[in-house]
Amino acid sequence: MALLPILRYPDPRLHKIARPVSAFDERLKKLVEDMADTMYDAPGIGLAATQVDVHEQVIVIDVSETRDQLQVLINPEIVWASDDLQVYEEGCLSVPGIYDGVERPSRVRVRSADLLGKTHEFDAEGLMAVCVQHEMDHLKGKVFVEYLSPLKRNRIKTKLQKEERELRRDKQALDAR
């Protein structure tokens, strides 16, 4: 089990656009395993490769209560979205401790490849629809706080930067002992 470091907002690497996966090989399988371990450990319900500084179109999701229904989406695309929208309280492993409402289509149809490169489609609604759209935003270099007002976004950015400085300071103090 390898846990990957998760980039924290406002890290500029979170805004890189992910490229499609072209090689369905052992390296990809290892990346997916490490991403799943990282997501479950965090704990989260979704993780995009962008969040672990790998800029390829790979997502892992598990919205099940039992945490044993991992879904892997490679090169995902939304092929249909409902006109009806819903506001869902979202959080993000890259924006720890921050939750806010984001409006998104309530249902989507997604096409993606699996680890073998086989393409399939599925319909998602509720939490799964929100999670898919949220993680796909990461692949496009977008973090959920960008849906919020500039004032909220700046407050979040300032708060997380302060926490990061305090973590670094505490680590330096421990290292100095």
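The hydrophobic clustering, which links ILVMFWY residues whose side-chain heavy atoms are closer than 4.5 Å, places Phe144 and Leu93 apart. The same ILVMFWY cluster, assembled from side-chain heavy atoms under 4.5 Å apart, contains both Val110 and Leu127. In this structure, Ile6 is a member of the same hydrophobic cluster as Met39, with clusters built from ILVMFWY side-chain heavy atoms closer than 4.5 Å. Linking Ile, Leu, Val, Met, Phe, Trp and Tyr whenever their side-chain heavy atoms come within less than 4.5 Å puts Val60 and Val21 in one cluster. A chain of hydrophobic side-chain contacts below 4.5 Å, direct or via other Ile, Leu, Val, Met, Phe, Trp or Tyr residues, connects Leu70 to Phe24.
Of all non-hydrogen atoms in Ala129 and Ala124, the two that sit nearest each other are CB-O, 3.6 Å. In terms of heavy atoms, His138 sits closest to Ala48 at CB-CB, 3.5 Å. Nearest heavy atom pair, residue Asp37 against residue Ala2, reads OD2-N, 3.7 Å. Taking all atoms of both residues into account, the shortest heavy-atom contact from Ile59 to Pro76 is CD1-CG, 3.8 Å.
For Lys152, the salt bridge (Lys or Arg N to Asp or Glu O under 4.0 Å) partners are Asp100, not counting sequence neighbours. Residues passing the ring-ring contact (aromatic ring centres under 6.0 Å, His included) test with Tyr9: none are found, sequence neighbours excluded. Qualifying side-chain hydrogen bond (donor to acceptor under 3.5 Å, both in side chains) partners for Thr158, counting only residues two or more places apart in sequence or in other chains: none.
The line from NZ of Lys142 to NE2 of His15 is 11.0 Å long, rounded to the nearest 0.5 Å. In this structure, Asp41 CG and Asp34 CG are separated by 12.0 Å, a value rounded to the nearest 0.5 Å. Rounding to the nearest 0.5 Å gives a distance of 7.5 Å between CZ of Arg67 and CD1 of Ile45. Interatomic distance, CE of Met136 versus OG of Ser112, reported as 8.5 Å (0.5 Å rounding). Taking CD1 of Ile98 as the start and CD of Glu90 as the end, the distance is 13.5 Å to the nearest 0.5 Å. Rounded to the nearest 0.5 Å, atoms CD (Glu26) and CD (Glu33) are 8.0 Å apart.
The environment of Glu65 atom CD is sparse: at most 12 non-hydrogen atoms of other residues, nucleotides or ligands sit within 6.0 angstrom. At most 12 heavy atoms of other shown residues, nucleotides or ligands fall within 6.0 angstrom of atom CG in Asp83.
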Subject >> Candidate pair Glu164 and Arg169, rule salt bridge (charged side-chain N to carboxylate O under 4.0 Å, His left out), full reasoning >> reply: CA-CA 9 Å; Glu164 190 68 30; Arg169 187 189 67 227; over 6 Å; no
Original post:
Step by step, would you call Asp137 with Arg104 a side-chain contact (heavy atoms from CB on, under 4.5 Å)?
Top reply: CA-CA 11 Å; Asp137 275 352; Arg104 300 183 186 272; 3.0 Å; yes
Subject >> Audit row: Asp175, Lys171, salt bridge (charged side-chain N to carboxylate O under 4.0 Å, His left out) steps and yes/no >> reply: CA-CA 6 Å; Asp175 290 347; Lys171 185 179 179 330; 3.0 Å; yes
Original post:
Passes side-chain contact (heavy atoms from CB on, under 4.5 Å), Arg111 versus His120? Steps please.
Top reply: CA-CA 6 Å; Arg111 179 182 302 133; His120 61 281; over 6 Å; no
**OP:** List the steps and the verdict of side-chain contact (heavy atoms from CB on, under 4.5 Å) for His55 and Ile17.
**Re:** CA-CA 7 Å; His55 303 283; Ile17 296 172; over 6 Å; no
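Within the 3.5 Å criterion, the main-chain N or O of Val87 finds no donor-acceptor partner in the side chain of Glu103. Proximity of a side-chain donor or acceptor of Asp123 to a complementary backbone N or O of Arg107 within less than 3.5 Å is not detected. With Ser94 contributing its side chain and Gln51 its backbone, the two residues share no donor-acceptor pair below 3.5 Å. Checking side-chain atoms of Gln133 against main-chain N and O of Pro105 turns up a donor-acceptor pair under 3.5 Å.
Salt bridge absent: Lys140 and Glu146 never bring a charged side-chain N and a carboxylate O closer than 4.0 Å. Taking the charged nitrogens against the carboxylate oxygens, Asp11 and Lys16 have no contact shorter than 4.0 Å, which rules out a salt bridge.
Considering only heavy atoms from C-beta on, Glu77 stays 4.5 Å or farther from Gln57 through its side chain. Looking at Val132 and Gln71, their side chains never come closer than 4.5 Å, going by heavy atoms from C-beta outward. At least one side-chain heavy atom of Met128 sits less than 4.5 Å from a side-chain heavy atom of Ile61. No side-chain heavy atom of Arg8 sits less than 4.5 Å from a side-chain heavy atom of Val95. Looking at heavy atoms from C-beta onward, Leu47 lies in side-chain contact with Val52 at the 4.5 angstrom threshold. At a threshold of 4.5 Å between non-hydrogen side-chain atoms, the residues Leu148 and Ile156 count as touching.
When the options Leu28, Asp25, Val58 are evaluated for a side-chain contact (heavy atoms from CB on, under 4.5 Å) with Leu115, the one that passes is Leu28.
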